[in-house]
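Only heavy atoms go into these numbers, but all of them, side chains included; no hydrogens, no water, no symmetry mates. Model, not experiment: these values are computed from the prediction. Letters A, B, ... are given to chains in the order of the sequence lines, protein chains preceding strands, and every chain is numbered from 1.
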2 protein chains.
Amino acid sequence: MLELSFNQETVHKLLQASDKPLKAYNILFETQKLGIKSPTQVYRALDKLIELGKVHKIESKNAFVACSKINCSNQNSTFFLICDNCENIIELEDQEITDQLNKTCERFGSTYKNHTIEISGTCSSCN
Amino acid sequence: MLELSFNQETVHKLLQASDKPLKAYNILFETQKLGIKSPTQVYRALDKLIELGKVHKIESKNAFVACSKINCSNQNSTFFLICDNCENIIELEDQEITDQLNKTCERFGSTYKNHTIEISGTCSSCN
DNA sequence: ACATGTAATGTTATATTGTTACATCATTAA
DNA sequence: TTAATGATGTAACAATATAACATTACATGT
């Protein structure tokens, strides 16, 4: 999987150009002039981009952001600071937190697959 | 706010009796025989219960669980292990993780309000 | 060139999740 | 009594996400 399809590329570019998470139907609206016509197409593109680690879903907002890293191995060890006020979002990586969560899983005999870590508050500009 | 209203009580009891997260419309179906009739009523009850710390929303599943603690101060320092297979869910508290996230926020000049931490994987029974 | 398999696409319809708006009722505090 | 508050009921609706199925594009082997 080296090349993105047209729809995937279109959705990805839009997300990269945005400084905040976009909702699926906003993506649809914005890309309609470019040829994307239905929610299905948007969701399919998003699914693929997420699978490739190029996009993350912000579960607490039902919205999507482009990965800010060169090549996100996966969603592992990634987490987000989300500003309630301006919607700015910072993507961070912290292996220590992931390790700690992993350890907790082990204690419970659980197998860790992936996680959602989303911190909401207000960012430096809004404080 | 000492007493729960009938709707709140009804929703809360249902969630407490469940060993896995329930979706809003499942709650609605289950409580229709008890007198709850519309989504609004369910969501209103859920909102109040969440505000009181008696219920948590599982963002990655759009579902709701009763708080497993006596009296959850708030959603702070709480996180969840969620089994992909059997949907079993374990609610945990870990001040260290919260502290670490708080520290990270400080480094970025952000103010921490609350968080969503959801770990998916398979539980001990399903491994 | 042609058949075949696979992934991506287009399109329509539908399912699921969540909210708005507004009228009513009960409680209580001035 | 009146005003304020909060909970309720009801209907309509908006937003988010998926299902189903026919079609197209393209790589691969023959």
For this session: For this output row, return yes or no: ring centroids of His56(B) and Phe80(B) closer than 6.0 angstrom.
Result: yes
Exercise. Minimum heavy-atom separation for Gln100(A) to Gln100(B), with atom names?
Worked result: OE1-OE1, 3.2 Å
Any side-chain N or O of [X] under 4.0 Å from OP1/OP2 of [N]?
{"X": "Asn62(A)", "N": "dA15(D)", "result": "no"}
{"X": "Lys23(B)", "N": "dA15(C)", "result": "no"}
{"X": "Gln41(B)", "N": "dG9(D)", "result": "yes"}
{"X": "Thr40(A)", "N": "dA17(D)", "result": "no"}
{"X": "Asn7(A)", "N": "dG10(C)", "result": "yes"}

Grab the [atom1]-[atom2] distance between [X] and [N] for me, whole Å please.
{"X": "Leu52(A)", "N": "dA7(C)", "atom1": "CG", "atom2": "C1'", "answer": "13 Å"}
{"X": "Ile36(A)", "N": "dA8(C)", "atom1": "CD1", "atom2": "P", "answer": "15 Å"}
{"X": "Lys61(A)", "N": "dA17(D)", "atom1": "NZ", "atom2": "P", "answer": "13 Å"}
{"X": "Leu4(A)", "N": "dA8(C)", "atom1": "CG", "atom2": "C1'", "answer": "13 Å"}
{"X": "Tyr43(B)", "N": "dC13(D)", "atom1": "OH", "atom2": "P", "answer": "19 Å"}
{"X": "Ile27(B)", "N": "dG18(C)", "atom1": "CD1", "atom2": "P", "answer": "10 Å"}
{"X": "Lys57(A)", "N": "dT16(D)", "atom1": "NZ", "atom2": "P", "answer": "10 Å"}
{"X": "Lys37(B)", "N": "dT24(C)", "atom1": "NZ", "atom2": "C1'", "answer": "14 Å"}

Problem set entry | Under-3.5 Å donor-acceptor pair between Arg44(B) side chain and dG18(C) base | no
Exercise. Between Thr122(A) and Asp84(A), does any side-chain donor sit less than 3.5 Å from a side-chain acceptor?
Worked result: no
Exercise. Does the aromatic ring of Tyr25(B) sit over the six-membered base ring of dT17(C), closer than 5.5 Å centre to centre and tilted less than 30°?
Worked result: yes
For this session: Ignoring the backbone of Ser38(A), work out which of dG18(C), dT10(D), dT11(C) is nearest its side chain.
Result: dT11(C)
Seminar exercise, completed: Winner on side-chain proximity to Pro39(B), out of dT10(D), dT19(C), dA7(D), is dT19(C)
Exercise. Is any side-chain heavy atom of Lys48(A) closer than 4.5 Å to a side-chain heavy atom of Leu52(A)?
Worked result: yes
For this session: Evaluate whether atom CZ of Phe29(A) has more than 12 neighbouring non-hydrogen atoms of other residues, nucleotides or ligands under 6.0 angstrom away.
Result: no
